[in-house]
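Reading through the structure tokens given below for one structure.
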Amino acid sequence: METAATLGAPPSDKAPELSDEDWKDLVLAHRYRIALPSKPRQSSFRVLALIFYDIPKDDYSTNDTPKGQPILPPWIAQTTADGQRNFVVGTNDEPGFMGGAICAERAALVQFRFLPSYTVTKIVISTDSVDPITPGLLCREFLAGHPTVPWDVPVITGGSSCMECHKKDADLFAEQDKDRVVDACSTFSAPCAEGRPEHSLRALKTSIRELYPYPSPYTRLTADQSKALGEQYSARATADFDTLEEADSKRLLELAILEAKSNISDLHPIQFGAAAIFEDGTIVTTRQASALEYGCTLDAVSQLAPHFEEQDSAPVLLVQADQFGIAHAPFADARAFLTEHDFENCQIVVHDAPVSDNDEGVFDIDRWTLKEVFASELASKPPSWTEGTER
């Protein structure tokens, strides 16, 4: 669960503090956001992401640049005011069809393709909302899929308005020195209400591990690695299935595997099938529809959506599996569908594989468990409360 950050308040087990550096980074993210010359054309809602990162010392140059400074492509060469930390900037954008939108976090992360090696150290998000908003499910899945993003990397997000004086955006975050470019600063543009020098903002601090539970065992693997892991697992799949106590779980898993096997494609070595059972005993199955442009692929679970909405009885159990028998939690689109369209109580069979930054647990199949979880457990949401944070 995300937790509120309370700088200047007594520490508690549910409200860890944000450091001075965290607050500077959050103000910097807001300054980049309000500096955007336009808003997305559909939602008119701006999101700005800063992703901070380290570069291994071996990748630092001693030629043509100051000693100890990395050679970086100019479009990702941003550094903090003290020159000590590197970061990239991303923002959201939307075409005419809302499903084609790209979020700020993904827009920032793809820029790292131009670096030979790096490690993400912090993700900071600002939006037009007065409340802190965490990455959406597509961004959570995308970030979770990158080995350079540690599972416990801090994800910090803060509201755009002071809860005390209600100053917002330029009145709150604009730089005092108008001749400077967007930069980090330890102070806001103006003090809060009389007698209150510090502003009170809502803020959250969480991690990718908390935001994206039950990732696919393939989440951080290449296509070849995924195939090899699937083949390794298939040798013991039957014995694993016997750990399921419910007959419906075994039956749905078998049907999902059959759907996946019926849809082998040259586009990717892994294919998925899905099966669901409803309260009245009706069973429906479907399979992934692969597309040449990977992003246009229709995942197996999402194709069950018409059945979920048209059936008179509610879905009670769902399985998504690949052709090797590994049970995967629904992917981002389907997680959003289930949790935003009143199907949170549907149970889902998943393989729960330990996650770590070196992926050792994923390859240790003996540590996997086959279990049932509720759809509501797949999408951690911000708490209904957000404590005021002094800064």
Side-chain angles (χ1 to χ4, degrees), residues 1 137 140-141 143-145 147 149-152 206-221 225-261 270-277 285 288 299-301 304 315-332 334-335 338-339 343-381:
M1 177 68 72
L137 281 162
R140 298 179 190 190
E141 184 172 81
L143 291 164
V149 181
W151 286 102
D152 293 315
T206 183
S207 67
I208 301 303
R209 186 188 301 274
E210 293 177 338
L211 290 172
Y212 199 72
Y214 302 108
S216 163
Y218 300 151
T219 294
R220 298 195 168 191
L221 306 185
Q225 288 174 328
S226 297
K227 181 180 179 182
L229 180 59
E231 291 172 341
Q232 177 186 348
Y233 173 79
S234 65
R236 59 168 289 170
T238 301
D240 208 10
F241 296 171
D242 290 338
T243 63
L244 291 172
E245 297 180 357
E246 298 294 330
D248 285 342
S249 298
K250 295 180 183 179
R251 178 59 176 156
L252 293 185
L253 183 53
E254 291 170 351
L255 291 172
I257 295 169
L258 288 175
E259 285 281 6
K261 288 182 175 179
I270 306 297
Q271 294 296 309
F272 298 92
I277 188 169
T285 66
Q288 171 179 300
D299 73 272
V301 176
L304 292 172
V316 293
L317 186 63
L318 166 68
V319 179
Q320 176 179 240
D322 61 41
Q323 71 267 35
F324 300 111
I326 299 176
H328 303 259
F331 299 115
R335 291 189 186 208
L338 292 170
T339 56
F343 299 112
E344 298 98 329
N345 292 327
C346 180
Q347 288 191 292
I348 300 169
V349 177
V350 301
H351 267 111
D352 186 14
V355 295
S356 62
D357 293 336
N358 59 15
D359 289 323
E360 287 181 355
V362 169
F363 293 99
D364 188 357
I365 295 177
D366 290 333
R367 295 175 60 194
W368 294 13
T369 56
L370 196 54
K371 62 194 299 185
E372 295 177 2
V373 300
F374 287 99
S376 59
E377 299 176 60
L378 301 180
S380 176
K381 295 180 179 178

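Heads up: numbering here begins at 1 and tracks the sequence. Computed from a predicted model, the values in this text were never measured in an experiment.
Judged by distance alone, the side chain of R367 and the main-chain N or O of A353 form no donor-acceptor pair under 3.5 Å. At least one donor-acceptor pair under 3.5 Å links the side chain of W368 to the backbone N or O of V362. In this structure, R335 contributes its side chain and L378 its backbone to a donor-acceptor pair below 3.5 Å. Checked by atom type and distance alone, the side chain of N345 never pairs as donor or acceptor with a backbone atom of V316 at under 3.5 Å. With hydrogens and angles ignored, the 3.5 Å screen pairs no side-chain donor or acceptor of Q323 with any backbone N or O of A260. Between the side chain of Q320 and the main chain of A329, a donor-acceptor pair closer than 3.5 Å is present.
Note that the CG atom of D248 and the CG atom of L253 stand 12.5 Å from one another [nearest 0.5 Å]. We find the CD-OG distance between E254 and S249 to be 11.0 Å, quoted to the nearest 0.5 Å. Note that CD1 of I348 and CG of L338 are 5.5 Å apart. Values are rounded to the nearest 0.5 Å. The line from OH of Y212 to CG of L137 is 7.5 Å long, rounded to the nearest 0.5 Å. Atoms OG and CG, from S216 and D322 in turn, are 7.5 Å apart once rounded to the nearest 0.5 Å. Atom CG of residue L370 and atom NE2 of residue H351 lie 4.0 Å apart, to the nearest 0.5 angstrom.
Enclosure of atom CD in E246 is not indicated, since only 12 or fewer non-hydrogen atoms of other residues, nucleotides or ligands lie within 6.0 angstrom. Within 6.0 Å of the CZ atom in R209, the count of heavy atoms belonging to other residues, nucleotides or ligands exceeds 12. Shown here is K250, whose NZ atom has more than 12 heavy atoms of other residues, nucleotides or ligands within 6.0 Å.
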For R220 and D357, run side-chain contact (heavy atoms from CB on, under 4.5 Å): C-alpha distance rounded to whole Å, both residues' side-chain angles, the deciding distance at 0.1 Å, then the answer.
-> CA-CA 9 Å; R220 298 195 168 191; D357 293 336; 4.2 Å; yes
Do D240 and I365 pass the side-chain contact (heavy atoms from CB on, under 4.5 Å) test, and can you show the C-alpha distance, the side-chain angles, and the key distance before you say yes or no?
-> CA-CA 10 Å; D240 208 10; I365 295 177; 5.8 Å; no
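The closest side-chain heavy-atom distance from F324 to Q232 is not below 4.5 Å. The shortest distance between side-chain heavy atoms of T243 and K371 does not fall below 4.5 Å. Looking at E372 and L317, their side chains come closer than 4.5 Å, going by heavy atoms from C-beta outward.
Closest heavy-atom contact between A375 and T339: O-CG2, 3.4 Å. For the pair I257 and A321, the tightest heavy-atom approach, listed with the atom from each and the gap, is CG1-CB, 3.9 Å. When all heavy atoms of R236 and D366 are compared, the pair lying nearest together is NH1-OD1, 2.8 Å. In this structure, V349 and A327 approach most closely via the heavy-atom pair O-CB, 3.7 Å.
Side-chain contact, Y218 with H328: no donor N or O sits under 3.5 Å from an acceptor N or O.
Under the side chain to side chain contact (heavy atoms under 4.5 Å, CB included) test applied with P215, the options V350, I208, V355 reduce to a single match, V355. If you run side chain to side chain contact (heavy atoms under 4.5 Å, CB included) between I277 and each of L255, L318, L252, V319, only L252 comes through.
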